[in-house]
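Have a look at the structure below, then the notes.
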Amino acid sequence: MRTTPATRTSRPVPLARAALAVALCLAPCAPGVARAATRDVPAPATAAAESAADAGAERAARRAAGAAAAPGRDGNRLRFGPCPAVERLPDPVECATLRVPLDYARPGGPLIPLTVSRARATGARGAARQGALVHNPGGPGASGMYFPLVAGLAGWERISAAYDLVGYAPRGVGRSAPLSCQDPAVRAQGPTQVPVRPSAAYKRQRVEAARAYGRGCAERAGAALAQYTTLNNVRDLHVLRAALGERKLNFLGSSYGTYLGAVYAARHPDRVRRMVLDSAVDPDPGRVWYRDNLAQGPAFERRWYDFRSWTARHHDVYGLGATPEAVGASYERVRAAVARTPAGGVVGTGELQAAYLQAAYYDDVWPERAAALAAFLRGDPDPLAGQAAPDPAAAPAAEAENAAAVYTAVLCNDAPWPADWETWDRDTTELARTAPFEAWANTFLNLPCAYWPVRDRQRPDPVGPPPAAGPRLPRTLVVAAERDGATPYRGALELQRRLGGEAALVTEEGSGSHGVVGGRNACVDRHVERYLLKGDTSGWRVTCAPHPEPAPVSLDDRAARARGALPPPVV
């Protein structure tokens, strides 16, 4: 689940990049917005409507499969060619557009485009092609269009030899019927000041902001707002599989992408060939999504401790304190200072919180984050301003706003949320007593779901092994880091349990970087490669030692002054 208000970062696989958001009108309208006639948008949540939507998805998939098998036909055939410049994808990556129903219960109604990217299997060293490997990087709200670029990375040679690497922008993301909930220029305004302990007045302000955000989503998206759901993402994936000419799906899902993949597997066990689920969301219907977000609080607190502990071990380099508590006190000194005077005029406590939440996601940023704190306390605010201020070049305002809109819409549409502020306030107040680092920021990010203007929201789809009499789900592979903050480890255990005896789990012990596949752990990557190429795993549960901790950098290291990249968000 995405957890910071403005500058969340996330890199479940290398080279994450998001497509630039482009407005799309589904009906005649002013450029960039589809106006709602009412603020209360109906959702197709009844059993009959869901059944109709599933039937519509099957029809769309059959048409797509027919078009893929008969190149001369039109319909949902993918026509790959050079990628538009806006995608920033060089040759040999190809791009195409797949059109899918906005509302699968009305498959003859409006269609929306999904952008798709592909790098063909290289066939290096005589490798036989094994199909297309489709990637979803999570969010929800992240684009996977960049994914084919991993073909050029060390460690991916054998996989890219056997598989077409396929990325796509899910509905609402980038140029795939982009969703917007507010003016990106308004969202980008800063610096922001966020109190450590919110007052009653501040809470009221955030409640009203959450209500206003939901109204903005309804006004800009209209009736389409109800169609941004996990179930529709699953249906889109089903059609994409067919349009690629694949009888069965090969899938790599990261973070929220693990939930998408798990729901797909539960609904279409006979259409799964290989499935890698990296950094798993807990799919328990009773936890999606409110309790899953609460569970992040203690997990992020552990990762915040890990960063402070690492920094304390390098006190000789940074001078921030020889204990985790002393490093925490140094951080609080910086926080108090930017609350009085924003660093570089652009970094207040909100931007500071977002930047250091990134340290709870990825340990590879620890050296530059520690160096920035140390430099600030020595009188140089530039490294902190460079790392914590949103970078329009790395994440344009429209792109960031689009990602936030899709994240909010999917999570709010997917499940019931508490509708009374008192429940949120009580639960977060209790959580913040032991896990204050991210508790309130996470609550305020998700608070629009309490006032979401879509009636009859969906119920979380039950993820579980296929019934004994039904199609059998083939072996799947779950990968997790033991101290992951964004998707706590219990989610991996629950996902493996629900997928059944054919699900294997690879755990990176003692580590917490979010997104393990394609990272810095050769042991994990060997297990993933073996599974994708041979369908084999080393056992029901296996472990890998943690990847090496990052080395500290000195305060005059130029890397400490580099502006931090802000790739797209994931769960």
Side-chain angles (χ1 to χ4, degrees), residues 1-4 8-12 138 196 254-255 258 278-282 287 291-314 320-332 335 352-367 369-370 373 427-443 445-446 478-495 505-516 519-521 524 543-550 570-571:
M1 287 69 64
R2 205 166 62 88
T3 52
T4 62
R8 256 290 320 281
T9 65
S10 167
R11 293 176 286 191
V196 176
S254 302
S255 201
T258 68
D278 177 18
S279 303
V281 170
D282 189 334
R287 304 189 65 84
R291 294 192 180 279
D292 273 341
N293 275 278
L294 287 176
Q296 289 181 315
F300 276 129
E301 201 69 29
R302 287 191 295 271
R303 288 299 287 162
W304 178 232
Y305 177 87
D306 290 348
F307 166 68
R308 291 182 289 123
S309 180
W310 176 88
T311 304
R313 292 197 297 275
H314 298 291
L320 292 171
T323 66
E325 294 73 21
V327 174
S330 294
Y331 176 81
E332 291 303 326
R335 194 183 198 287
L352 182 75
Q353 168 75 11
Y356 284 83
L357 178 61
Q358 189 183 11
Y361 271 85
Y362 313 108
D363 57 23
D364 60 352
V365 305
W366 288 359
R369 292 295 186 267
L373 290 179
D427 290 346
T428 310
T429 298
E430 179 64 26
L431 180 62
R433 291 191 177 100
T434 56
F437 179 65
E438 180 62 9
W440 284 107
N442 207 0
T443 285
L445 175 73
N446 293 293
V478 181
V479 182
E482 194 174 35
R483 294 180 68 83
D484 190 343
T487 51
Y489 185 64
R490 65 163 284 169
L493 299 176
E494 179 67 11
L495 177 59
L505 172 62
V506 175
T507 299
E508 185 181 24
E509 291 186 307
S511 183
S513 283
H514 184 58
V516 186
R520 292 184 292 144
N521 195 308
V524 170
T543 60
C544 290
H547 64 266
E549 287 188 339
V570 298
V571 168

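Values below: every heavy atom of this structure, side chains too, minus hydrogens, waters and symmetry copies. Everything quoted here is computed from the prediction, not taken from an experiment.
Classification of the Tyr331-Trp304 ring pair by plane angle, with boundaries at 30° and 60°, yields perpendicular. Using cut-offs of 30° and 60° for the angle between ring planes, the Trp366 and Trp310 rings count as tilted.
A donor-acceptor pair is defined here as one N or O able to donate and one able to accept, closer than 3.5 Å; no such pair exists between the side chain of Asp282 and the backbone of Glu494. Side chain of Glu508 to backbone of Cys544: no donor-acceptor contact under 3.5 angstrom is found. At least one donor-acceptor pair closer than 3.5 Å links the side chain of Ser279 to the backbone N or O of Gly515. In this structure, Arg483 contributes its side chain and Arg303 its backbone to no donor-acceptor pair below 3.5 Å. Distance alone, capped at 3.5 Å, places no donor-acceptor pair between the Asp278 side chain and the Thr258 backbone. Looking at Tyr356, its side chain does come within 3.5 Å of a backbone N or O of Arg369 through a donor-acceptor pair.
Expressed to the nearest 0.5 Å, how far OG of Ser513 lies from CG of Asn521 amounts to 10.5 Å. The structure places CG of Leu373 at 7.5 Å from OG1 of Thr311, a figure rounded to the nearest 0.5 Å. Residue Asp292 holds its CG atom at 8.5 Å from CZ of Arg490, rounded to the nearest 0.5 Å. Taking CD from Glu549 and CG from Asp363, the interatomic distance works out to 7.0 Å, rounded to the nearest 0.5 Å. With values rounded to the nearest 0.5 angstrom, Asn442 atom CG is found 8.0 Å from Leu294 atom CG. Interatomic distance, Gln296 CD to Asn446 CG, rounded to the nearest 0.5 Å: 8.0 Å.
Residues Pro546 and Ser511 approach most closely at CB-CB, 4.0 Å, considering heavy atoms. Across all their heavy atoms, Gly485 and Ala299 have their closest contact at O-CB, 3.4 Å. Counting all heavy atoms, side chain and backbone alike, Val196 lies closest to Arg335 at CG2-NH1, 3.1 Å. Nearest heavy-atom pair across Ala481 and Gly512 is CB-CA, 4.1 Å. The two residues Glu438 and Gln353 have their closest heavy-atom pair at OE1-NE2, 2.6 Å. When all heavy atoms are compared, the tightest approach of Ala370 to Leu320 is O-CD1, 3.5 Å.
Ser309 and Arg313 form a side-chain donor-acceptor contact under 3.5 Å, judged by distance and modelled atom types alone.
Using a 4.5 Å cut-off on side-chain heavy atoms (C-beta onward), Leu445 and Trp440 make no contact. With contacts defined as side-chain heavy-atom distances shorter than 4.5 Å, the pair Leu493/Leu505 qualifies. With a 4.5 Å cut-off on side-chain heavy atoms, Thr434 and Glu301 do not count as touching.
Screening Phe437, Tyr361, Tyr305 for a ring pair (Phe, Tyr, Trp, His ring centres under 6.0 Å) with Phe300, the sole residue that qualifies is Tyr361.
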